[in-house]
Amino acid sequence: MKTRFVLIETSHAGNVGAAARAIKTMGFDDLVLVRPRWSNVLRKEETIQRASGALDVLANCRIVATVEEALDGMSHLCATAMTPRDFGPPARTPREHFALLLQGALAAQPGPDDLADDLADQAAPAASDTAAANPSGETGVAFLFGCERYGMANEDVYRCNVALSIPTNPDFGSLNLASAVQVVAYDWRQALGGYGVSDVAARGDRADAQQVAGMLAHWQQALAEIGFLDLDAPKKLMPRLNQMFNRAQLSQEEIHILRGVAKAMLRTAEATKR
(Lines give C-alpha, C1' and ligand atoms only; values in the text may rest on other atoms or scores of the structure.)
Protein backbone atom coordinates (compact mmCIF):
# COMPACT_ATOMS: atom_id res chain seq x y z
CA MET A 1 0.00 0.00 0.00
CA LYS A 2 1.50 3.30 -1.11
CA THR A 3 1.66 6.11 1.44
CA ARG A 4 2.36 9.73 0.60
CA PHE A 5 2.63 12.84 2.75
CA VAL A 6 1.77 16.11 1.01
CA LEU A 7 2.70 19.48 2.52
CA ILE A 8 0.84 22.37 0.91
CA GLU A 9 2.42 25.86 0.85
CA THR A 10 4.74 25.19 3.79
CA SER A 11 6.26 28.45 4.98
CA HIS A 12 8.93 27.26 7.47
CA ALA A 13 11.91 25.35 6.14
CA GLY A 14 12.48 23.64 9.45
CA ASN A 15 9.06 22.01 9.28
CA VAL A 16 9.97 20.37 5.98
CA GLY A 17 13.05 18.79 7.53
CA ALA A 18 11.19 17.79 10.68
CA ALA A 19 8.39 16.24 8.61
CA ALA A 20 10.95 14.21 6.66
CA ARG A 21 12.39 12.96 9.93
CA ALA A 22 8.90 12.19 11.28
CA ILE A 23 7.83 10.01 8.38
CA LYS A 24 11.17 8.20 8.14
CA THR A 25 10.95 7.13 11.78
CA MET A 26 7.67 5.43 10.88
CA GLY A 27 9.07 3.74 7.79
CA PHE A 28 7.70 6.06 5.10
CA ASP A 29 9.68 7.99 2.49
CA ASP A 30 7.25 9.59 0.02
CA LEU A 31 7.11 13.34 0.69
CA VAL A 32 5.75 15.91 -1.77
CA LEU A 33 5.75 19.70 -1.37
CA VAL A 34 3.19 21.88 -3.10
CA ARG A 35 4.29 25.47 -3.69
CA PRO A 36 6.56 25.81 -0.64
CA ARG A 37 7.61 29.31 0.32
CA TRP A 38 11.23 28.62 -0.58
CA SER A 39 12.03 27.12 -3.99
CA ASN A 40 15.33 25.85 -2.57
CA VAL A 41 13.79 24.64 0.68
CA LEU A 42 15.27 21.15 0.32
CA ARG A 43 18.76 22.61 0.34
CA LYS A 44 18.33 25.12 3.13
CA GLU A 45 20.49 24.56 6.20
CA GLU A 46 17.52 24.62 8.60
CA THR A 47 15.75 21.93 6.57
CA ILE A 48 18.77 19.65 6.59
CA GLN A 49 19.42 20.17 10.29
CA ARG A 50 15.82 19.47 11.29
CA ALA A 51 15.76 16.35 9.10
CA SER A 52 18.33 14.91 11.50
CA GLY A 53 19.62 12.24 9.14
CA ALA A 54 16.51 11.72 6.99
CA LEU A 55 18.46 13.02 4.00
CA ASP A 56 17.24 10.20 1.75
CA VAL A 57 13.66 11.41 2.24
CA LEU A 58 14.71 14.93 1.30
CA ALA A 59 16.62 13.60 -1.71
CA ASN A 60 13.52 11.79 -2.96
CA CYS A 61 11.15 14.64 -2.12
CA ARG A 62 9.38 16.30 -5.05
CA ILE A 63 8.27 19.92 -5.37
CA VAL A 64 5.19 20.45 -7.54
CA ALA A 65 3.04 23.40 -8.52
CA THR A 66 -0.41 21.92 -7.91
CA VAL A 67 -2.14 19.60 -5.48
CA GLU A 68 -3.32 17.53 -8.46
CA GLU A 69 0.28 16.72 -9.35
CA ALA A 70 1.03 15.77 -5.74
CA LEU A 71 -1.89 13.32 -5.69
CA ASP A 72 -1.03 11.47 -8.88
CA GLY A 73 -1.60 7.76 -8.32
CA MET A 74 -3.28 8.19 -4.94
CA SER A 75 -6.73 6.67 -4.43
CA HIS A 76 -7.62 7.57 -0.84
CA LEU A 77 -7.15 11.15 0.30
CA CYS A 78 -7.00 12.26 3.93
CA ALA A 79 -7.15 15.93 4.82
CA THR A 80 -5.82 17.09 8.17
CA ALA A 81 -8.18 19.91 9.03
CA MET A 82 -8.42 20.97 12.65
CA THR A 83 -11.03 23.69 12.03
CA PRO A 84 -14.58 22.25 11.91
CA ARG A 85 -16.45 22.81 8.64
CA ASP A 86 -20.20 22.69 8.10
CA PHE A 87 -19.64 21.17 4.67
CA GLY A 88 -17.21 18.57 3.48
CA PRO A 89 -16.05 15.02 4.09
CA PRO A 90 -16.70 13.26 7.41
CA ALA A 91 -14.41 14.14 10.31
CA ARG A 92 -12.81 11.25 12.17
CA THR A 93 -9.83 10.66 14.42
CA PRO A 94 -6.90 9.03 12.60
CA ARG A 95 -7.21 5.75 14.49
CA GLU A 96 -10.93 5.50 13.91
CA HIS A 97 -10.61 6.16 10.20
CA PHE A 98 -7.62 3.88 9.68
CA ALA A 99 -9.45 0.99 11.34
CA LEU A 100 -12.43 1.48 9.01
CA LEU A 101 -10.18 1.80 5.97
CA LEU A 102 -8.18 -1.36 6.63
CA GLN A 103 -11.30 -3.34 7.54
CA GLY A 104 -12.71 -2.53 4.12
CA ALA A 105 -15.65 -0.65 5.61
CA LEU A 106 -14.98 2.31 3.29
CA ALA A 107 -14.66 0.29 0.10
CA ALA A 108 -18.05 1.43 -1.13
CA GLN A 109 -17.24 5.07 -0.45
CA PRO A 110 -14.86 6.26 -3.22
CA GLY A 111 -15.48 9.89 -2.24
CA PRO A 112 -17.53 12.04 0.13
CA ASP A 113 -21.16 11.03 -0.43
CA ASP A 114 -22.61 14.52 -0.50
CA LEU A 115 -19.95 16.29 -2.58
CA ALA A 116 -20.36 14.81 -6.08
CA ASP A 117 -22.50 17.59 -7.48
CA ASP A 118 -20.46 20.37 -5.91
CA LEU A 119 -17.16 18.97 -7.09
CA ALA A 120 -18.35 18.39 -10.64
CA ASP A 121 -17.75 22.05 -11.52
CA GLN A 122 -14.32 22.20 -9.93
CA ALA A 123 -11.16 21.82 -11.95
CA ALA A 124 -9.57 19.67 -9.26
CA PRO A 125 -10.33 15.92 -9.49
CA ALA A 126 -12.32 14.30 -6.72
CA ALA A 127 -10.96 11.32 -4.83
CA SER A 128 -12.92 8.98 -7.10
CA ASP A 129 -11.27 10.55 -10.17
CA THR A 130 -7.86 10.00 -8.62
CA ALA A 131 -8.74 6.38 -7.96
CA ALA A 132 -9.73 5.97 -11.62
CA ALA A 133 -6.26 7.17 -12.57
CA ASN A 134 -4.78 4.26 -10.64
CA PRO A 135 -5.72 1.29 -12.89
CA SER A 136 -3.49 -1.15 -11.01
CA GLY A 137 -6.05 -1.16 -8.20
CA GLU A 138 -3.36 -0.70 -5.56
CA THR A 139 -4.50 1.57 -2.76
CA GLY A 140 -2.53 4.77 -2.51
CA VAL A 141 -3.16 6.73 0.69
CA ALA A 142 -2.22 10.40 0.76
CA PHE A 143 -2.17 12.65 3.82
CA LEU A 144 -2.55 16.35 3.07
CA PHE A 145 -1.31 19.07 5.41
CA GLY A 146 -1.98 22.77 4.94
CA CYS A 147 0.30 25.72 5.56
CA GLU A 148 1.27 26.62 9.10
CA ARG A 149 -0.71 29.85 9.28
CA TYR A 150 -3.96 29.09 7.48
CA GLY A 151 -4.24 25.32 7.43
CA MET A 152 -5.89 23.65 4.44
CA ALA A 153 -7.94 25.52 1.86
CA ASN A 154 -11.57 24.45 1.58
CA GLU A 155 -11.21 23.19 -1.97
CA ASP A 156 -8.39 20.87 -0.90
CA VAL A 157 -10.44 19.54 2.01
CA TYR A 158 -13.47 18.98 -0.21
CA ARG A 159 -11.52 16.72 -2.58
CA CYS A 160 -10.67 14.33 0.25
CA ASN A 161 -12.40 11.22 1.57
CA VAL A 162 -12.04 12.25 5.19
CA ALA A 163 -10.94 15.12 7.38
CA LEU A 164 -8.66 13.69 10.04
CA SER A 165 -8.84 15.46 13.38
CA ILE A 166 -6.24 14.75 16.04
CA PRO A 167 -7.85 14.81 19.51
CA THR A 168 -6.21 17.58 21.52
CA ASN A 169 -6.76 19.70 24.61
CA PRO A 170 -10.03 21.58 23.95
CA ASP A 171 -8.46 24.73 25.38
CA PHE A 172 -5.27 24.52 23.30
CA GLY A 173 -5.38 22.47 20.13
CA SER A 174 -2.50 24.12 18.28
CA LEU A 175 -0.18 21.49 16.81
CA ASN A 176 3.07 22.28 15.03
CA LEU A 177 2.95 21.03 11.43
CA ALA A 178 5.73 18.49 11.89
CA SER A 179 4.14 17.29 15.14
CA ALA A 180 0.86 16.66 13.32
CA VAL A 181 2.75 14.75 10.62
CA GLN A 182 4.39 12.63 13.32
CA VAL A 183 1.09 11.79 15.02
CA VAL A 184 -0.61 10.79 11.77
CA ALA A 185 2.43 8.80 10.59
CA TYR A 186 2.57 6.97 13.92
CA ASP A 187 -1.12 6.09 13.95
CA TRP A 188 -0.97 4.94 10.33
CA ARG A 189 2.08 2.77 11.00
CA GLN A 190 0.36 1.25 14.05
CA ALA A 191 -2.72 0.52 11.94
CA LEU A 192 -0.51 -1.25 9.40
CA GLY A 193 0.99 -3.45 12.10
CA GLY A 194 3.57 -1.25 13.76
CA TYR A 195 7.10 -2.13 14.76
CA GLY A 196 8.15 -4.39 17.59
CA VAL A 197 9.97 -3.03 20.61
CA SER A 198 13.35 -4.58 21.27
CA ASP A 199 14.68 -4.76 24.82
CA VAL A 200 18.32 -3.98 24.22
CA ALA A 201 19.31 -4.02 27.90
CA ALA A 202 21.59 -6.92 28.79
CA ARG A 203 19.73 -8.87 31.46
CA GLY A 204 22.14 -11.77 31.93
CA ASP A 205 21.22 -15.24 33.09
CA ARG A 206 18.60 -15.37 35.82
CA ALA A 207 19.88 -16.48 39.23
CA ASP A 208 18.35 -19.70 40.52
CA ALA A 209 16.86 -20.24 43.97
CA GLN A 210 20.06 -21.78 45.35
CA GLN A 211 22.13 -18.75 44.32
CA VAL A 212 19.61 -16.37 45.89
CA ALA A 213 19.59 -18.42 49.10
CA GLY A 214 23.39 -18.38 49.24
CA MET A 215 23.46 -14.63 48.78
CA LEU A 216 20.87 -14.14 51.53
CA ALA A 217 22.91 -16.29 53.92
CA HIS A 218 25.94 -14.14 53.14
CA TRP A 219 23.89 -10.98 53.80
CA GLN A 220 22.52 -12.37 57.05
CA GLN A 221 26.06 -12.92 58.29
CA ALA A 222 27.15 -9.42 57.21
CA LEU A 223 24.10 -7.66 58.67
CA ALA A 224 24.65 -9.41 61.96
CA GLU A 225 28.32 -8.42 62.02
CA ILE A 226 27.58 -4.72 61.55
CA GLY A 227 24.85 -4.83 64.19
CA PHE A 228 21.87 -4.30 61.88
CA LEU A 229 20.43 -7.78 62.49
CA ASP A 230 19.94 -9.36 65.92
CA LEU A 231 20.23 -13.09 65.37
CA ASP A 232 18.44 -13.72 68.71
CA ALA A 233 15.45 -11.62 67.58
CA PRO A 234 15.61 -11.48 63.81
CA LYS A 235 11.88 -10.76 63.40
CA LYS A 236 10.98 -10.84 59.68
CA LEU A 237 13.96 -9.02 58.22
CA MET A 238 15.40 -11.91 56.23
CA PRO A 239 12.04 -13.18 54.87
CA ARG A 240 11.24 -9.64 53.74
CA LEU A 241 14.63 -9.32 52.04
CA ASN A 242 13.99 -12.68 50.41
CA GLN A 243 10.68 -11.46 48.99
CA MET A 244 12.24 -8.21 47.82
CA PHE A 245 15.04 -9.96 45.94
CA ASN A 246 12.60 -12.48 44.44
CA ARG A 247 10.55 -9.61 43.00
CA ALA A 248 13.72 -8.13 41.54
CA GLN A 249 14.37 -11.35 39.56
CA LEU A 250 18.11 -11.04 40.07
CA SER A 251 20.62 -12.06 37.46
CA GLN A 252 23.74 -14.04 38.31
CA GLU A 253 25.85 -10.91 37.85
CA GLU A 254 23.65 -9.04 40.33
CA ILE A 255 24.07 -11.87 42.82
CA HIS A 256 27.83 -11.43 42.52
CA ILE A 257 27.47 -7.69 43.17
CA LEU A 258 25.33 -8.24 46.28
CA ARG A 259 27.77 -10.82 47.59
CA GLY A 260 30.55 -8.28 47.04
CA VAL A 261 28.58 -5.79 49.17
CA ALA A 262 28.19 -8.39 51.93
CA LYS A 263 31.90 -9.18 51.74
CA ALA A 264 32.75 -5.48 52.07
CA MET A 265 30.46 -5.17 55.12
CA LEU A 266 32.17 -8.13 56.79
CA ARG A 267 35.60 -6.70 56.04
CA THR A 268 34.61 -3.30 57.47
CA ALA A 269 33.13 -4.92 60.60
CA GLU A 270 36.32 -6.93 61.15
CA ALA A 271 38.52 -3.84 60.76
CA THR A 272 36.37 -1.93 63.26
CA LYS A 273 36.85 -4.62 65.93
CA ARG A 274 40.63 -4.36 65.79
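- The shortest distance between side-chain heavy atoms of Leu223 and Leu237 falls below 4.5 Å.
- Taken to the nearest 0.5 Å, the NZ atom of Lys24 stands 13.0 Å off from the CG atom of Leu31.
- In this structure, OG in Ser75 is found 8.0 Å from CE in Met1, a value given to the nearest 0.5 Å.
- For Phe228, the CZ atom is loosely surrounded, since the number of other residues' heavy atoms within 6.0 Å does not exceed 12.
- Between Leu177 and His12 the shortest side-chain heavy-atom distance does not fall below 4.5 Å.
- Relative ring orientation between Phe5 and Phe145 is described as parallel, the plane-to-plane angle staying below 30° on a 0-90° scale split at 30° and 60°.
- Nearest heavy atoms, Val6 versus Ala70: CG1-CB, 3.8 Å.
- Note that the CD1 atom of Ile257 and the CE atom of Met215 stand 11.5 Å from one another [nearest 0.5 Å].
- Between Arg159 and Glu68, at least one side-chain nitrogen of the basic residue sits less than 4.0 Å from a carboxylate oxygen of the acidic one, meeting the salt-bridge criterion.
- Between the Trp188 side chain and the Met26 main chain, no donor and acceptor come within less than 3.5 Å of each other.
- In this structure, Thr25 and Gln182 have side chains that are in contact, with non-hydrogen atoms separated by less than 4.5 Å.
- A donor-acceptor contact closer than 3.5 angstrom is absent between the side chains of Asp56 and Asn60.
- Residues Leu192 and Phe28 have side chains in contact (heavy-atom distance under 4.5 Å, counting atoms from C-beta outward).
- With rounding to the nearest 0.5 Å, the separation of CG in Leu33 from CD in Glu9 is 12.0 Å.
- The local environment of OH in Tyr186 is sparse, with at most 12 non-hydrogen atoms from other residues, nucleotides or ligands closer than 6.0 Å.
- Among all heavy-atom pairs drawn from Asp72 and Arg4, the shortest one is O-NH1, 2.9 Å.
- A donor-acceptor distance shorter than 3.5 angstrom exists from the side chain of Asn161 to the backbone of Leu77, with no hydrogens or angles considered.
- Residues Leu258 and Leu250 form a side-chain contact, since some pair of their non-hydrogen atoms from C-beta on lies under 4.5 Å apart.
- Surrounding CD of Glu253 are at most 12 heavy atoms belonging to other residues, nucleotides or ligands under 6.0 Å away.
- The distance from the CD1 atom of Ile255 to the CZ atom of Phe245 is 8.0 Å, given to the nearest 0.5 Å.
- For Arg95, the CZ atom is loosely surrounded, since the number of other residues' heavy atoms within 6.0 Å does not exceed 12.
- Ile166 CD1 to Thr93 OG1: the interatomic distance, rounded to the nearest 0.5 Å, is 10.0 Å.
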